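Input: a single structure, listed below in C-alpha cells.
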Amino acid sequence: MTERLFLLRVLGGLVAVLGSTLSWLTSAAPAEGTYIFEDVSETTGLDFQHFIGATGSYFPPEIMGSGAALLDYDGDGDLDVYLLQGALLDKSKSLKDSLFLPPQKHWPGNRLFRNEIVPTGKLRFTDVTEPAGAGGNGSFGMGVAVGDYDNDGHPDLFLSNFGPNLLYHNNGNGTFTDVTRKSGLGEDSFSAGAAFLDYDRDGYLDLFVTRYNAFTVAANKKCYNHAGGREYCGPLDYPPLPSKLYHNGGHGDFVDVTRKAGITAAFGNGLGVVSADFNGDGWIDIFVANDKTPNQLWVNQHDGTFEDHALIAGAAYNGDGKVVAGMGVTAGDFDNDGDEDVFVTTLAEEASTLYVNDGTGMFEDLANRHGVGHTTVPYTGFGTFWFDYDNDGRLDLFIANGEIKVVDSLRGNPFPYGQKNQLFHNEGGIFRETTARAGAALQLFEVSRGAAIGDIDNDGDLDIVVTNANGPVRLLMNRIGAGNHWLEVRLRGVKVNRDGYGARVALFRRGHPPLWRRVAADGSYLSANDPRVHFGLGTKSEIQAFPLEAIEVVWPNGSKERWQVTQPDQTLVLRQGTGETLQ
C-alpha cells in the first residue's frame, strides 16, 4: 500500500471518530462522576497474585501468561473463577534466586474461587482449590478452556501449559479428577490458547489447542534490545509449532487428528483462538491469531478436514498487507448484520486489526474506519472481547494491555512493562474510547494478559476478570449496565453438546432487525468466558417501541427452534426439543 493511501485510511478513521462525538454526547452515557466499572477483587476475597518465577534468564513464558476462566463448576447458578499460576522454570534455581517473591497464599499452583452469591445474596469468593483438587500439575500455566466434554452436565477444565497439559473431569460433587492420561491430552510443549468445539457435529466437544514455538529452557537464547540490554526473545527466535486438533471419541478419550484434519498445512506462533461459523454454511470454523506469522482461518470442509482460507479471505495480514503480532482474538456481530466479525490485538506500534465479514467469510481490515486502529497503536494488546457493557444492543470492546519489552518511562521499576487497559463504546459501528470513564482500575499501569467476561453477580450486565502477569487479578464489576433492560439465554442440548457450544441465537423484536449472538466460551487470550448468551435491550421506551417477540436457536447440528418471549430482564434456560421446530 502506498504511503498516501495509508494516510487517507488513517484520516478517514479520525474523521469517523470525530463525527461520532455528537451521538456519544446525546446517548445514554453514565452520569457525570459515575464510573462504568469498579474493581472489587480485594473486598470480595478474589485476592490472587500471579507469580512469574523470573530469575533473570528471560524465559518467554514469564512475560506471556496467564489466563482465567469463568464457569459454574458447582452448578449452583453463579460464576466461579479459575486462575492460572506461573512457576519457577529453571529447576536448578530456588525461590531465593527469584527476582520477585511468590505470594504466600497463591503459590504454587492454580486457584479455584467459589462464588458465594448463590445462596447468600452477597458477592464473595472462597478459595476451594484444595478440597476441589484443582491446583494443576506444577507446570507454568498458560491458558484454560471450559467445556462439558462428556455431556454429564458439569463443566470440565482443560489447562494448556508450558509443560504437560492437563484435563480435569468435573465429578459433579464439587471436586475434579485428573484424567489427562486416559484422555490423551497431556502434550508436553509450549501450548497457549485452547477452545472446545464440535467441529464434526457428532454431539461431543472436540478440542483445538494453539502452540507458540519450540522454546525450551535448555535451549534458551540471549536476546538484547537496541541499547544492548537483555530482553525477552521474540516469537521468531524459535521455530513455530503447528496447532493441535483432538477428536472426542465419546468415552473420555481424545485422538490427535491434527495431520488427518489438515491442520499441519499451515502453522505459526499460535496464541489466540476462536471458533465460529464464519462463512455461514452451518459448520464451525476456527480462527487462530499468530504472533508475527500470518493468521489462519481454518474453514470446515464438512468431512473432518479443514483448509486454511486466511489468505484468500483477507484475514492473514492486516489492511496494509503486513504480518502483525496477533495475540488475543474475539469474534462477534459488532455491526448487527448477522455475521461474525473478528478483532485481533497486536503489539505496540501496530494497529489492532478489525476484520469485517461480508457474510460469506470474506474479510477486510477496517480498524481505522471503525475507530480501533490508530487508538490501539501505542499499546500491546492481549485479552479482548466484544460485549455490550451498557445494554444498548450494540457490542462494545475491551482490550487488556501490557508490554513485552521495557517501557522507557518505567525504567527502574521492578517490572517495567505496565500499560493501561482500554474500553470502547460502540456508537452505531464507530468505536469511541471510554477508558477515562471506565474506573480507577483502567487507569493503572499493569501487565494485563488474560481477560474473561460474564455476568458474575447475575444482575443482567457483564462484568470482567483481568489477569496481570506478576500482578493481582482484577474483578471489574459493571455499575451502569443494569440501568437498561436485558435478556440472557442458556442452552441445554439433547442431540448436540450439552451446553450448545456453536449454536447461533437470534432475538426478534417487533419493528427491529434481529440480534444474533453465538454460544461459546472461547476467544480473548488464554481465557474462558461465561457461555450464557447476553442481549442488551436498551431503555424502557425502547422496549415499548420494539417489544420482544421470540428467540430463535440454530443448534450446532443445523436444526432450528423458536420460543415466544415477551418479558425482558430474565435468564431463560432453553432445552433442545421444547420449542417450535422450524424448517
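Below, all heavy atoms of this structure are taken into account, side chains as well, without hydrogens, waters or symmetry copies. What you are looking at is a predicted structure, and each value in this text was computed from that prediction instead of being measured.
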**Study point:** Closest approach of R532 to D455 (non-hydrogen atoms, all atoms of both residues)
**Key:** NH2-O, 3.0 Å
Check your understanding: Between the main-chain N or O of G203 and the side-chain N or O of N497, is there a donor-acceptor pair closer than 3.5 Å?
Key -> no
Exercise for review: Search all heavy atoms of S243 against all heavy atoms of T210 and return the closest pair with its distance.
Suggested key: OG-CA, 3.6 Å
Practice item. Could you walk me through whether Y199 and N300 pass the side-chain hydrogen bond (donor to acceptor under 3.5 Å, both in side chains) test, one step at a time? Key: CA-CA 7 Å; Y199 74 87; N300 198 321; over 6 Å; no
Exercise for review: Would you indicate whether the side-chain heavy atoms of F37 and V466 approach each other to under 4.5 Å?
Suggested key: no
Check your understanding: Any side-chain donor paired with an acceptor under 3.5 Å for T578 and W563?
Key -> yes
Exercise for review: Please answer whether the main-chain N or O of V274 pairs with a side-chain N or O of D522 as donor and acceptor at a distance below 3.5 Å.
Suggested key: no
Review point. Is the side chain of N295 donor-acceptor paired with the backbone N or O of A289 at a distance under 3.5 Å, no angle test?
Key: no
Review point. How far does CG of N165 sit from OH of Y246, to the nearest 0.5 angstrom?
Key: 6.5 Å
Point to revise | Gap separating the CG atom of L71 from the OH atom of Y82, nearest 0.5 angstrom | key: 10.0 Å
Check your understanding: So among L157, T180, V179, which one has a side chain to side chain contact (heavy atoms under 4.5 Å, CB included) with L166?
Key -> T180
**Study point:** Minimum side-chain heavy-atom gap T571-N458 below 4.5 Å
**Key:** no
Practice item. Test side-chain hydrogen bond (donor to acceptor under 3.5 Å, both in side chains) on N391 and H534 and set out the steps. Key: CA-CA 9 Å; N391 281 345; H534 177 268; 3.0 Å; yes
Check your understanding: Does a donor on one side chain sit under 3.5 Å from an acceptor on the other, for Y73 and N170?
Key -> no
**Study point:** Distance-only polar pair, side chains of S448 and N468, donor-acceptor under 3.5 Å
**Key:** yes
Point to revise | Exam field: side chain S66 to backbone G141, donor-acceptor pair closer than 3.5 Å | key: yes
Review point. CG of D390 to CG of D396: how many Å apart, nearest 0.5 Å?
Key: 5.0 Å
Point to revise | Nearest atoms (heavy-atom pairs only) where F51 meets P103 | key: CB-CD, 3.7 Å
Review point. Could you go step by step and tell me if Q576 and N557 meet the side chain to side chain contact (heavy atoms under 4.5 Å, CB included) rule?
Key: CA-CA 11 Å; Q576 188 177 19; N557 63 2; 3.9 Å; yes
Review point. Is there a donor-acceptor contact under 3.5 Å from the side chain of T175 to the main chain of A132?
Key: no
**Study point:** N426 side chain reached by D392 side chain, heavy atoms, under 4.5 Å
**Key:** no
Exercise for review: Begin with the C-alpha distance, continue with both residues' side-chain angles, and end with the deciding distance and a verdict on side chain to side chain contact (heavy atoms under 4.5 Å, CB included) for F196 and V146.
Suggested key: CA-CA 7 Å; F196 280 109; V146 175; 5.6 Å; no
Exercise for review: Run through Q419, Q422, K420 and flag the one making a side-chain hydrogen bond (donor to acceptor under 3.5 Å, both in side chains) with N401.
Suggested key: Q422
Review point. Can you list the steps and then say if R111 with E130 is a salt bridge (charged side-chain N to carboxylate O under 4.0 Å, His left out)?
Key: CA-CA 9 Å; R111 311 308 294 178; E130 277 69 33; 3.0 Å; yes
Check your understanding: Do L397 and T384 come close enough that some side-chain heavy atom pair is under 4.5 Å?
Key -> yes
Review point. Got more than 12 heavy atoms from elsewhere within 6.0 Å of OH, Y204?
Key: no
Point to revise | Beyond-backbone contact of L167 with Y149, side-chain heavy atoms, under 4.5 angstrom | key: yes
Review point. So does R114 pair up with D127, basic N to acidic O under 4.0 Å?
Key: no
Review point. ring-ring contact (aromatic ring centres under 6.0 Å, His included) between F431 and F334: does it pass, once the steps are laid out?
Key: CA-CA 10 Å; F431 290 87; F334 84 92; 5.7 Å; yes
Check your understanding: Checking N357 side chain against F278 main chain: does a donor-acceptor pair fall under 3.5 Å?
Key -> yes
Review point. Within a strict 4.5 Å, meaning less than it, do heavy atoms of the D148 and D156 side chains meet?
Key: yes
Exercise for review: Assess the side chains of N478 and Y389: does a donor N or O sit below 3.5 Å from an acceptor N or O?
Suggested key: no
Review point. Considering all heavy atoms of both residues, which atom of L70 and which atom of G454 are nearest to each other, and what is their separation?
Key: CD1-N, 3.6 Å
**Study point:** Donor-acceptor pair, side chain of E446 and main chain of A469, under 3.5 angstrom
**Key:** no
Review point. Relative to the ring of F48, is the ring of H50 parallel (under 30°), tilted (30 to 60°) or perpendicular (over 60°)?
Key: tilted
Review point. Minimum heavy-atom separation for A400 to A451, with atom names?
Key: CB-CB, 4.3 Å
**Study point:** Pair E340 + R517, salt bridge at N-O below 4.0 Å
**Key:** no
Check your understanding: Going from CG on L526 to CE on M327, what distance comes out if it is rounded to the nearest 0.5 angstrom?
Key -> 11.0 Å
Check your understanding: Backbone N or O of W386 within a donor-acceptor pair of the T330 side chain at under 3.5 Å?
Key -> yes
Exercise for review: Return the minimal non-hydrogen interatomic distance between N336 and R394, and the atom names on each side.
Suggested key: ND2-CG, 4.3 Å
Review point. Are E488 and D530 close enough that some pair of their side-chain heavy atoms sits under 4.5 Å apart?
Key: no
Practice item. Anything under 30° is parallel, anything over 60° is perpendicular, the rest tilted; go ahead and classify F287 against Y355. Key: tilted
Practice item. Check each of L46, I456, D78 against L123 using the side chain to side chain contact (heavy atoms under 4.5 Å, CB included) test, and report the only one that passes. Key: I456
Check your understanding: Sub-3.5 Å donor-acceptor pair from the side chain of T467 to the main-chain atoms of G450, do we have one?
Key -> yes
Check your understanding: Is the ring centre of Y525 less than 6.0 Å from the ring centre of F382?
Key -> yes
Practice item. Report yes or no: does D277 contribute a side-chain atom to a donor-acceptor pair with the main-chain N or O of G282 at less than 3.5 Å? Key: yes
Point to revise | Between CZ on residue F113 and CG on residue L83, distance to nearest 0.5 Å | key: 6.0 Å
Check your understanding: When you measure from the centre of the six-membered ring of F508, is the NZ or CZ of R562 under 6.0 Å away and within 45° of the axis?
Key -> yes
Review point. Got H370 and V356 here, is their nearest side-chain heavy-atom distance under 4.5 Å?
Key: yes
Practice item. Could you walk me through whether Y379 and I399 pass the side chain to side chain contact (heavy atoms under 4.5 Å, CB included) test, one step at a time? Key: CA-CA 10 Å; Y379 301 94; I399 306 175; over 6 Å; no
Point to revise | CZ on F254 to CG on L245, rounded to 0.5 Å | key: 10.5 Å
Check your understanding: Can you tell me if CD on Q443 sees more than 12 non-hydrogen neighbours from other groups inside 6.0 Å?
Key -> yes
Point to revise | Criterion side chain to side chain contact (heavy atoms under 4.5 Å, CB included) on V329 and V342, from CA distance to verdict | key: CA-CA 7 Å; V329 59; V342 177; 3.6 Å; yes
Check your understanding: Do E561 and W555 have side-chain atoms, one donor and one acceptor, less than 3.5 Å apart?
Key -> yes
